[in-house]
Amino acid sequence: MDVICRPMVAADLDAASELHVRAWQTAYRGIVPQAFLDGMDPAVRRRRNEGRSLAGQHVAEAGGEVVGWLSVGPYRDDDPPGPGCGEIEAIYARPDVVGAGVGRVLLAYGLGELRRHGLAPVLLWVLTGNDHARRFYEKAGFAADGATHDYEVGGATLPELRYRYDG
């Protein structure tokens with residue numbers, strides 16, 4: 001599959017919103033409360049993002065279709081290592097292309113964007129119970145750095161683990 005990455009534009013909102021919801025419903029089944037996942041709606045997601053800045057948001061395309069979405073930027077939390085770090089805020093592939101390399105291409109692109117802006121090391125948060133994502137990041141050179149926090153979603157408190165990339 002030939003995948004290209006590029007900055008997201010407003011015309012991508014429908015496809016990115018649909019992708020984001022379907023990816024959550026697939027990736028977080030058995031982790032996030034099912035009622036929350038069932039209640040997710042791409043139209044609501046799209047409305048939430050209308051008018052917001054698309055800075056740091058990127059899409060992956062294959063065959064003219066959006067097959068992945070990525071959000072990167074400066075690290076958002078105040079905890080160490082703090083200022084100057086980059087963050088992979090979100091990365092999702094359309095469920096029907098998971099395993100086809102879209103995630104690897106998006107991740108490499110995102111790391112390049114963060115490097116271009118001088119943001120290092122790169123950090124990200126992953127749900128502790130998301131074994132698939134944890135293996136994906138570990139294969140890419142990320143390592144858990146021991147930091148944890150709780151993520152509230154759908155009435156549940158889920159533990160997250162921070163990963164770090166120094167490459």
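The residues of the chain are indexed from 1 along the displayed sequence. These numbers come from the heavy atoms of this one structure, side chains and all, not from hydrogens, waters or symmetry mates.
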Please identify each residue that fulfils side-chain hydrogen bond (donor to acceptor under 3.5 Å, both in side chains) with Asp96, with sequence neighbours left out.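 In terms of side-chain hydrogen bond (donor to acceptor under 3.5 Å, both in side chains), with neighbours along the sequence ignored, Asp96 is linked to Arg94.
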
Listed partners of Arg116 passing side-chain hydrogen bond (donor to acceptor under 3.5 Å, both in side chains), at least two apart: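 Glu113.
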
Are [Y] and [X] connected into the same hydrophobic cluster when the rule is that any two of I, L, V, M, F, W, Y join if their side-chain heavy atoms are below 4.5 Å apart?
X	Y	answer
Trp24	Val44	no
Leu106	Val72	yes
Leu70	Val59	no
Val67	Tyr109	yes
Leu19	Met1	no

Side-chain polar contacts of residues 123-131 - donor-acceptor pairs under 3.5 angstrom, sequence neighbours left out - could you list them?
| unit_1 | atom_1 | unit_2 | atom_2 | d |
| --- | --- | --- | --- | --- |
| Trp125 | NE1 | Asp77 | OD2 | 3.2 |
| Thr128 | OG1 | Pro159 | O | 3.1 |
| Asn130 | OD1 | Ala133 | N | 3.1 |

How close do [X] and [Y] get, heavy atom to heavy atom, and via which atoms?
X	Y	answer
Leu161	Ala144	CD2-CB, 3.7 Å
Val3	Ala62	CG2-CB, 4.4 Å
Leu107	Ala140	CD2-CB, 3.4 Å
Thr26	Pro95	OG1-CG, 3.5 Å
Ala60	Val102	CB-CG1, 4.1 Å
Arg164	Pro81	NH1-CG, 3.8 Å

Dump the intermediate steps for side-chain contact (heavy atoms from CB on, under 4.5 Å) on Tyr165 and Ile88, then the final yes or no. CA-CA 10 Å; Tyr165 179 82; Ile88 303 286; over 6 Å; no

Which residues satisfy the ring-ring contact (aromatic ring centres under 6.0 Å, His included) test with Tyr137, sequence neighbours excluded?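 With neighbours one apart ignored, the set is Phe142.
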
Side-chain donor-acceptor distances from residues 28-39 under 3.5 Å, at least two apart:
| unit_1 | atom_1 | unit_2 | atom_2 | d |
| --- | --- | --- | --- | --- |
| Tyr28 | OH | Tyr92 | OH | 2.9 |
| Arg29 | NH2 | Gln25 | O | 3.4 |
| Gln34 | NE2 | Asp38 | OD1 | 2.8 |

Identify, with sequence neighbours excluded, every residue that meets salt bridge (Lys or Arg N to Asp or Glu O under 4.0 Å) alongside [X].
X	value
Arg162	Asp79, Asp145
Asp2	none
Glu87	Arg76

Show every donor-acceptor pair shorter than 3.5 Å between a side-chain atom in residues 5-14 and any protein atom, with sequence neighbours excluded, or say none if there are none.
| unit_1 | atom_1 | unit_2 | atom_2 | d |
| --- | --- | --- | --- | --- |
| Arg6 | NE | Glu61 | OE2 | 3.4 |
| Arg6 | NH1 | Asp12 | OD2 | 2.7 |
| Arg6 | NH2 | Asp12 | OD1 | 2.8 |
| Arg6 | NH2 | Asp12 | OD2 | 3.3 |
| Arg6 | NH2 | Glu61 | OE2 | 2.9 |
| Asp12 | OD2 | Val9 | N | 2.9 |
| Asp14 | OD1 | Arg46 | NE | 2.4 |

Apply side-chain contact (heavy atoms from CB on, under 4.5 Å) to Thr157 and list each qualifying residue two or more places apart in sequence or on a separate chain.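 Applying side-chain contact (heavy atoms from CB on, under 4.5 Å) to Thr157 gives Asp150, Glu152.
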
Which ILVMFWY residues are connected to Val98, directly or by a chain of links, through side-chain heavy atoms under 4.5 Å apart? none

Residue pairs passing the ring pair (Phe, Tyr, Trp, His ring centres under 6.0 Å) test where at least one lies in residues 66-85, sequence neighbours excluded: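 Sorted result for residues 66-85: His20-Trp69.
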
